Protein chains: 2
Amino acid sequence: MDLKNVTMKDIAKYTGVSTATVSRVLNDNYPVNIETKKKVLKAIEELNYEPNLVAKNLRSRKSNLVAIIVADIKNPYYVSIAKEIDDFLFEEGYNLITCSTDESLEKEATIIRLLLSKHIDGIVIAPSDSGKSNLTGLIEQQVPIVLVDRKTNDLSIPFVGTSNFKEAYNLTEYLINKGHEKIAVLTGKLNTSTGKERLEGFKMAMANYGLVVDETWIFNGDFDEKQAYEELSRFLKSNKDLPTALVSCNNLMTKGTILALNEENINIPEDISIVSFGAMENQELFTTRITCIEQDTRFMGRKVAELLLAQLKNKQKLKSIIVESTFIEGNSVKEWN
Amino acid sequence: MDLKNVTMKDIAKYTGVSTATVSRVLNDNYPVNIETKKKVLKAIEELNYEPNLVAKNLRSRKSNLVAIIVADIKNPYYVSIAKEIDDFLFEEGYNLITCSTDESLEKEATIIRLLLSKHIDGIVIAPSDSGKSNLTGLIEQQVPIVLVDRKTNDLSIPFVGTSNFKEAYNLTEYLINKGHEKIAVLTGKLNTSTGKERLEGFKMAMANYGLVVDETWIFNGDFDEKQAYEELSRFLKSNKDLPTALVSCNNLMTKGTILALNEENINIPEDISIVSFGAMENQELFTTRITCIEQDTRFMGRKVAELLLAQLKNKQKLKSIIVESTFIEGNSVKEWN
DNA sequence: TATGAAATAGAAAACGATTACTATATACAA
DNA sequence: TTGTATATAGTAATCGTTTTCTATTTCATA
């Protein structure tokens, strides 16, 4: 039809009513004569009117925009969570913006500042650092927040995540029960709750079974595939005395680990056993299926959306949720005697 | 600081100038006395002013929002493209909204209508149907569009994609060169350009080598893992006469294929050879590494962003781009004599 | 010294919706 | 008949910017 956008003013002029009346017909929040209403609706149909949400948002001080901020939105783990949130919120008229921080606190701050300017209605975030928080601005502006995967020290913010300590403990215990004693760990970023808690779970399991943790077998992988690969490669090239098993603290690092081991012709599980916190994409088709903890990302996403919607609609904070994970046994662990 | 947002009016009052002047300082598009400028900037700093982008957008009729609409944003292929676009556009002050249509034309229409209401600045789309187009509204409103992966019949819209015909031809020829004659094909959605062209490439290769295409060996997988799995399972359960090779027309369907074959204890490549249009996540770690065409998604994403930015900034349509793919040889094809 | 251009800045009108006021007409109860 | 509640609808303010006018001052040039 028209190149120019049809506005309420056009509808008002066309039907001979005021824009107020048009607005009332549209929002159905005020009595309007049935005949008038019909006339207006007909005009809306005929002129093909579509509301300008930007104007609406300015007036109502909302944006119908929600953002999810994670380290790397390409990680299938976050992709799946984000998709679920998106599906859920789309029904409620929200759009989801996905943002990656690449684990940089500064980039996180920049993103949040931009989102605040856009009058973002809500934020889902896995913070880059559990301590130094970029969330104060959001909290001041009373923007609803839901923490996903990673917590901050501020416990008043609703959170959806995994029992990192427990699951890491279990993974380690599984290795111990298979007879392993010389166990290494590939840690995530230790300034995140997940990184810290998983390492603690590992250490606690070792301690409870009276096993010593060799400090040189604590590898720092920063939750990153490349970093994990390099850290491990360096170790393998300069050490002949290997641990018999390794706990990797996330899916990306597990990939890096496998690649590093493959390159050095070290076989899983013959030469070294591997367990992973977090599943890998298509892992059921791998030559070596890694024994792992798999998180129910779709359920997590749904819960995140619920916690966010509760705040968005009823200004009501629901309680945090710890989602149960599944233990998946592959063929990456050898019985050791 | 304040709970309420600081606006230009506050800055104006604080410094004793008009909002017009504040705006001019901020946008640096009009001469302002150096002292006044300093004063204003100081006030902005002190009061911690952040512009309200919603208001700005209303006035300027833009949103700094760009959307990518694909069938399924969980598909790593699209994830990777989207991430690249996002990175690129973020630098320019745009945010990316990701939308999945689940291959539904109606959902696509709904999404586009919503995005138009939000005054979306640009759209990247892999249309659900190459014929019946939901793009007319966007074109009328002169919203910049870039087609990615899939084309429409309207050739005036910039496009970034793969040479589907050629690559499908090559994949098929590869099988033929390995001695295969009884070759099946698992097609994508035939109302998309990619679905159609890949099938045509397959057929042309068969024809050029004088091979007959058995109609019952053309499986319709709709680009969907589950659909492909079911289609193939049904066939396998009721047929003992198998083709010696199969061409799968996308990564998701290849996964479905492998699962169906695994379930029936049909081995790749011993019992049947497989080639795939599109790579699978972590495929280098598979027991059977599928021989495939891998698309350079990062390069594609970058090109898409460039084509979009050219329209966004200079109102200039650049030429469509066909991105070269890589042939990756796995161990999923058996030599046949 | 006159004059036109450039520098400088405020008032007010947009952008397109919502909503607080205000006003009238109608219906119903007392 | 009067009073009051409700239905109905327009006017104008508002959300927070940008930008068009309009107006003054300053300055270089003829």
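All values reported here derive from a predicted model rather than from experimental measurement. Here is how names work: the chains are called A, B, and so on, in the same order as the sequence lines, proteins then strands, and each is numbered from 1.
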>> Any base atoms under 4.0 Å from A/N57, or only sugar-phosphate, or nothing? Heavy atoms, all strands.
In response: nothing
>> If you compare every side-chain N and O of B/K9 against the phosphate oxygens of D/dT17 (OP1, OP2), does one of them come in below 4.0 Å?
In response: no
> Taking A/N134 as the fixed residue, which of A/R113, A/K107, A/E108 is the one that meets the side-chain hydrogen bond (donor to acceptor under 3.5 Å, both in side chains) rule?
Replying inline: A/E108
> Only one of A/T297, A/D149, A/D72 clears side-chain hydrogen bond (donor to acceptor under 3.5 Å, both in side chains) with A/Y77; which?
Replying inline: A/D149
> Between D/dC15, C/dA17, D/dT18, which nucleotide has the shortest distance from any of its atoms to the side chain of A/T7?
Replying inline: C/dA17
>> Side chain of B/R61, heavy atoms from C-beta onward: which of D/dG16, C/dT18, C/dG16 has the nearest atom to it?
In response: C/dG16
> With no hydrogens and no angle check, do the side chains of A/S156 and A/D154 hold a donor and an acceptor under 3.5 Å apart?
Replying inline: yes
Calculate the interatomic distance between [X] atom [atom1] and [N] atom [atom2]; express it in whole Å.
{"X": "A/K37", "N": "D/dA9", "atom1": "NZ", "atom2": "P", "answer": "11 Å"}
{"X": "A/E35", "N": "D/dA9", "atom1": "CD", "atom2": "P", "answer": "10 Å"}
{"X": "B/E50", "N": "D/dG16", "atom1": "CD", "atom2": "P", "answer": "15 Å"}
{"X": "B/M8", "N": "D/dT18", "atom1": "CE", "atom2": "C1'", "answer": "8 Å"}
{"X": "B/L58", "N": "D/dC15", "atom1": "CG", "atom2": "P", "answer": "14 Å"}
{"X": "B/L26", "N": "D/dT17", "atom1": "CG", "atom2": "C1'", "answer": "10 Å"}
{"X": "B/L116", "N": "C/dG16", "atom1": "CG", "atom2": "P", "answer": "15 Å"}
{"X": "B/L53", "N": "D/dC15", "atom1": "CG", "atom2": "P", "answer": "18 Å"}

> When every nucleotide of nucleotides 3-13 of chain C is labelled 5' to 3' by its protein contacts under 4.0 Å (heavy atoms), B for base, S for sugar-phosphate only, - for none, what sequence of letters results?
Replying inline: ----SBBBB-B
> Do A/L53 and B/H119 have side chains that get closer than 4.5 Å, going by heavy atoms?
Replying inline: no
> Is any side-chain heavy atom of A/I157 closer than 4.5 Å to a side-chain heavy atom of A/V146?
Replying inline: no
> Is A/E46 salt-bridged to A/K42, going by a charged N under 4.0 Å from an acidic O?
Replying inline: yes
>> For A/F90, I'd like to know if atom CZ has over 12 heavy atoms of other residues, nucleotides or ligands within 6.0 Å.
In response: yes
> Taking the nucleotide of DNA chain C with the closest heavy atom to each, which residue, B/A55 or A/K56, is nearer the 5' end?
Replying inline: B/A55
